[in-house]
Amino acid sequence: GIVNRIFTIILWIFAFYLLFFTNFWYLAAGLFLLHLSEVFIVGYKKGTQAGYSPVYTVFMTLVFGFTWWLYLEEK
């Protein structure tokens with residue numbers, strides 16, 4: 001739930017720090033690629049089955065990953 005989403009936001013902040021202020025940009029890229037793969041593997045299907053628009057589903061999966069789609073129920 002909400003704790004997982006807060007943790008995910010903290011991870012994104014850390015990833016952006018790595019991307020812009022260090023030479024560890026590949027960690028931020030890895031986090032993005034992980035979430036992008038979730039869109040295609042399960043996130044898009046679960047989000048649209050739960051009644052969310054495709055754009056919202058992709059956005060939420062890219063930002064929150066499994067912490068968003070894991071708790072969705074089909075409508």
Side-chain angles (χ1 to χ4, degrees):
I2 191 74
V3 173
N4 290 335
R5 289 186 184 180
I6 291 171
F7 181 70
T8 303
I9 290 171
I10 291 169
L11 281 177
W12 272 114
I13 291 169
F14 183 65
F16 281 122
Y17 170 78
L18 292 174
L19 179 65
F20 294 116
F21 299 109
T22 71
N23 289 327
F24 295 106
W25 58 269
Y26 51 86
L27 294 175
L31 181 63
F32 175 75
L33 291 175
L34 175 68
H35 285 211
L36 184 62
S37 67
E38 287 181 64
V39 169
F40 295 107
I41 294 170
V42 69
Y44 185 82
K45 180 180 175 184
K46 291 229 11 168
T48 53
Q49 285 178 346
Y52 293 98
S53 74
V55 173
Y56 184 77
T57 296
V58 170
F59 174 78
M60 292 298 283
T61 304
L62 285 176
V63 173
F64 294 111
F66 80 92
T67 63
W68 179 71
W69 58 257
L70 187 63
Y71 303 104
L72 294 179
E73 297 180 12
E74 290 184 28
K75 287 188 175 180

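Count residues from 1 along the sequence. Keep in mind it's a predicted model, so treat the numbers as computed, not measured.
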Applying a strict under-4.5 Å side-chain criterion to I, L, V, M, F, W and Y, I'd like to know whether Tyr52 and Ile41 cluster together.
yes

According to a hydrophobic-cluster definition based on side-chain heavy atoms being under 4.5 Å apart (Ile, Leu, Val, Met, Phe, Trp, Tyr only), do Phe59 and Val39 belong together?
no

For residues 29-44, pull every pair meeting side chain to side chain donor-acceptor pair (under 3.5 Å), keeping only residues two or more places apart or in separate chains.
Glu38-Trp69

For the residue pair Leu72 and Ala50, what are the closest heavy atoms and their distance?
CB-CB, 4.0 Å

Single-linkage hydrophobic cluster, 4.5 Å side-chain cutoff, Val63 and Ile13 together:
yes

Per side-chain contact (heavy atoms from CB on, under 4.5 Å), Trp68 is matched among Thr8, Thr57, Asn4 by Thr57

For the hydrophobic clusters of this structure (ILVMFWY residues joined by side-chain heavy atoms under 4.5 Å, transitively), does one cluster hold both Ile2 and Phe64?
no

Assigning hydrophobic clusters by single linkage (Ile, Leu, Val, Met, Phe, Trp, Tyr; side-chain heavy-atom cutoff under 4.5 Å), is Phe32 placed with Leu34?
no

Within this structure, what is the NZ-CE distance for the pair Lys46 and Met60, rounded to the nearest 0.5 Å?
14.0 Å

How close do Asn23 and Tyr26 get, heavy atom to heavy atom, and via which atoms?
O-CE2, 3.8 Å

Other ILVMFWY residues reachable from Phe7 by side-chain steps of under 4.5 Å:
Leu11

Output yes when a side-chain donor or acceptor of Thr61 lies under 3.5 Å from a complementary backbone atom of Val58, and no otherwise.
no

Rounded to the nearest 0.5 Å, what's the gap from CG on Leu62 to CG on Leu31? Could you check?
10.0 Å

